[in-house]
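A short worksheet on the structure shown next.
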Amino acid sequence: MAMMIETDYLAAARKILLAASMFAGTAYAADTGTAGARCAEPAPIGAYRLDDGSTLDIGPAAAGQLRWRRDDGRSGALTAGADGIWTSTLGWTTRPDGHRVRFADCGRGGLRFDRLHGQRIALVQTDTRFQGSGVELAGRLTLPPGDGPVPLVILVHGAERESALRSYSLQRQFAAAGIGVFAYDKRGTGASGGRYTQDYLTLATDAVHALREAKRLAGARVGRIGYQGGSQGGWVAPLAARIAPVDFVVVSFGLAVSPLEEDREAIAFDLERAGFGGHSEAMRGAMQIADATARLIDSGFSEGYERLALLKAQYAKEAWYPSVRGNFSWYLLGNDEAIIRRDAPQLVPGIPANYDPMPLLRNLDTPQLWLFGGQDRDAPPRETLRRLGELQRAGRPIATALFADADHGMYEFETAADGERLSTRQPDGYFRLMADFIRGERLQPRYGQASLCARSPC
């Protein structure tokens, strides 16, 4: 039955691709981004080579700010001062970290990062509009300088609704590391047309169209080619690779379980972190809540309200109840029926809540790299790692790495007094591991604090 479902899914995707194959994208010159403070176009957004040979990425951030990133995972928000010096705060906190940046001619003449000088890397960018699955999408190809072949990676989105063309720093970071990148705004976001959806088949078909557009624009410069997908992209990218074969797939903080199973795992992890992991009654009550919220999701928010209300009343005073968060259960617990009926269908449109990725992964020959955060409270990786271990033992070409201190999005963090997590950086080794895999290089046993697992058991 699972193989039949997979076959039908892929056949539908190929029909969609065939129907849209008559459309080609139209390329035009790239827009370099939004101007920084007191800077006319182009802004200082870009990748810079520093005196010590390392790279520094400057990207957009909140209004009036920029964000710097290093390949070792360090990052900070930049705010301009009256003297033209931009001062930095640590990660996504508001605490000063002592770093200072000064741009020469708004970045055209380079910059100074602390005591290091840097010059903008002459990345080759081409913006385009191309036909996805029934909609026109906006994309951008970013290539390293030169004219020789390079690996090419297509960035596949998570569930976010912001513009990837604006917010994805990897399009510059990978290119600065010698890797071509194609980024695009998913349907219903940024400059792309269509309605936002979380239907994996539709999104995978769009990703295949993006791959074809990237190959068309890059021409003879295309070497190895594949996908990198984060979070929800971990369901979409392997599906796209099954529809149209590629050389590699990178999955960052994604899962090999269904969205409903993801929520259950996240709730169990919530209780463990709060000290209730060994309390069977607490876990039993929490799983009852997970079952009730799953019924709401699975019914398209038409059934299950009475059951959820009863459980909320039954457990509201239990010590463990405030710790129940999950992936989407927190929203259903925190709102009444009228609000859920009105708003929830628009929050997760088209999501296949019971989608099981395992039949596809069992039959996927594409080399894959799966990267996880050990403190990921939105997508806990325990069951996914177990399942991937089974696939490794069965001979599937899968490598995994666990960054023990990282949360979702692959961010390390500090915990505030109110219990909220404040992201400080990405783990050292995370970017380097992805870049090595995309380039097809021999992988090292360790990347930062993470050990590579190329076979099971590790």
Side-chain angles (χ1 to χ4, degrees), residues 1-18 149-156 179-180 182 200-212 214-215 218 222-258 352 355-372 381 383-402 433-443 452-458:
M1 177 64 71
M3 180 59 70
M4 184 179 300
I5 293 172
E6 183 202 358
T7 302
D8 291 345
Y9 214 45
L10 296 175
R14 292 185 177 111
K15 288 180 181 178
I16 294 171
L17 284 167
L18 180 62
V150 294
L152 181 58
V153 60
I154 287 77
L155 303 182
V156 178
I179 297 168
F182 189 81
Y200 303 156
L201 176 59
T202 300
L203 296 175
T205 308
D206 284 345
V208 174
H209 282 296
L211 178 110
R212 291 178 175 176
K215 292 173 70 174
V222 178
R224 287 164 48 83
I225 190 167
Y227 298 107
Q228 188 271 343
S231 192
Q232 188 181 91
W235 287 303
V236 177
L239 178 56
R242 190 77 170 94
I243 296 170
V246 291
D247 298 309
F248 62 85
V249 170
V250 178
V251 174
S252 299
F253 44 93
L255 294 175
V257 301
S258 73
Y355 174 70
D356 180 5
M358 288 303 291
L360 183 144
L361 294 176
R362 290 191 187 100
N363 293 279
L364 187 61
D365 294 326
T366 306
Q368 301 158 60
L369 173 66
W370 290 68
L371 306 167
F372 303 99
E383 175 62 15
T384 290
L385 282 166
R386 188 192 69 78
R387 293 184 177 191
L388 294 179
E390 289 183 353
L391 296 178
Q392 288 173 321
R393 288 190 292 273
R396 296 296 90 188
I398 293 173
T400 63
L402 179 69
L433 174 51
M434 288 194 295
D436 285 354
F437 184 79
I438 291 169
R439 287 191 292 251
E441 297 179 358
R442 182 180 179 86
L443 299 183
L452 188 72
C453 177
R455 59 184 60 84
S456 184
C458 287

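Heavy atoms only: backbone and side chains are in, while hydrogens, waters and symmetry mates are out.
Contact of the Val236 side chain with the Asp206 side chain is not registered, since no non-hydrogen atoms from C-beta on lie closer than 4.5 Å. Side-chain contact between Arg396 and Leu361 is absent, with no heavy atoms from C-beta onward closer than 4.5 Å.
Heavy-atom minimum distance, Leu152 versus Ala218: CD2-CB, 4.2 Å. The nearest pair of heavy atoms linking Ala207 to Ala240 is CB-CB, 4.1 Å. Scanning both residues, Val150 and Gly180, for their nearest heavy atoms gives CG2-N, 3.9 Å. Nearest approach of Leu402 to Pro381, heavy atoms of both residues: CD1-CG, 4.2 Å. For Met434 against Leu371, the heavy-atom pair with the smallest separation is CG-CD1, 3.4 Å. Contact detail for Val251 and Pro238: the closest heavy-atom pair is CG2-CG, 4.3 Å.
With sequence neighbours excluded, the residues satisfying side-chain hydrogen bond (donor to acceptor under 3.5 Å, both in side chains) with Ser231 are His408. A search for ring pair (Phe, Tyr, Trp, His ring centres under 6.0 Å) contacts involving Phe182 returns Phe130, not counting sequence neighbours. Partners of Arg387 according to the salt bridge (charged side-chain N to carboxylate O under 4.0 Å, His left out) rule, which considers only residues two or more places apart in sequence or in another chain, are Glu261, Glu383. Taking the salt bridge (charged side-chain N to carboxylate O under 4.0 Å, His left out) definition, one finds that Asp436 meets it with Arg439, sequence neighbours left out. Applying the side-chain hydrogen bond (donor to acceptor under 3.5 Å, both in side chains) criterion to Trp370, with sequence neighbours excluded, gives Gln368. Evaluation of the side-chain contact (heavy atoms from CB on, under 4.5 Å) rule for Val246 yields Leu211, Tyr227, Ala241, Val249, Thr366 as partners, not counting sequence neighbours.
Annotation: the span from Leu433 atom CG to Leu452 atom CG amounts to 6.0 Å, rounded to 0.5 Å. In this structure, His209 NE2 and Ile154 CD1 are separated by 13.5 Å, a value rounded to the nearest 0.5 Å. We find the CG-CD distance between Leu385 and Glu390 to be 12.0 Å, quoted to the nearest 0.5 Å. Atom CZ in Arg386 sits 10.0 Å away from atom CG in Leu388 (nearest 0.5 Å). Between the CD1 atom of Ile398 and the CG atom of Leu391 there is a distance of 4.5 Å, given to the nearest 0.5 Å. Between atom CE of residue Met358 and atom CG of residue Asn363 there is a gap of 10.5 Å, rounded to the nearest 0.5 Å.
The aromatic rings of Tyr200 and Trp235 sit parallel to each other, their planes meeting at less than 30°, with 60° as the upper class boundary.
A donor-acceptor pair is defined here as one N or O able to donate and one able to accept, closer than 3.5 Å; no such pair exists between the side chain of Ser258 and the backbone of Asp356.
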**OP:** Decide yes or no on side-chain contact (heavy atoms from CB on, under 4.5 Å) for Tyr355 and Leu201, but give the supporting numbers first.
**Re:** CA-CA 11 Å; Tyr355 174 70; Leu201 176 59; over 6 Å; no
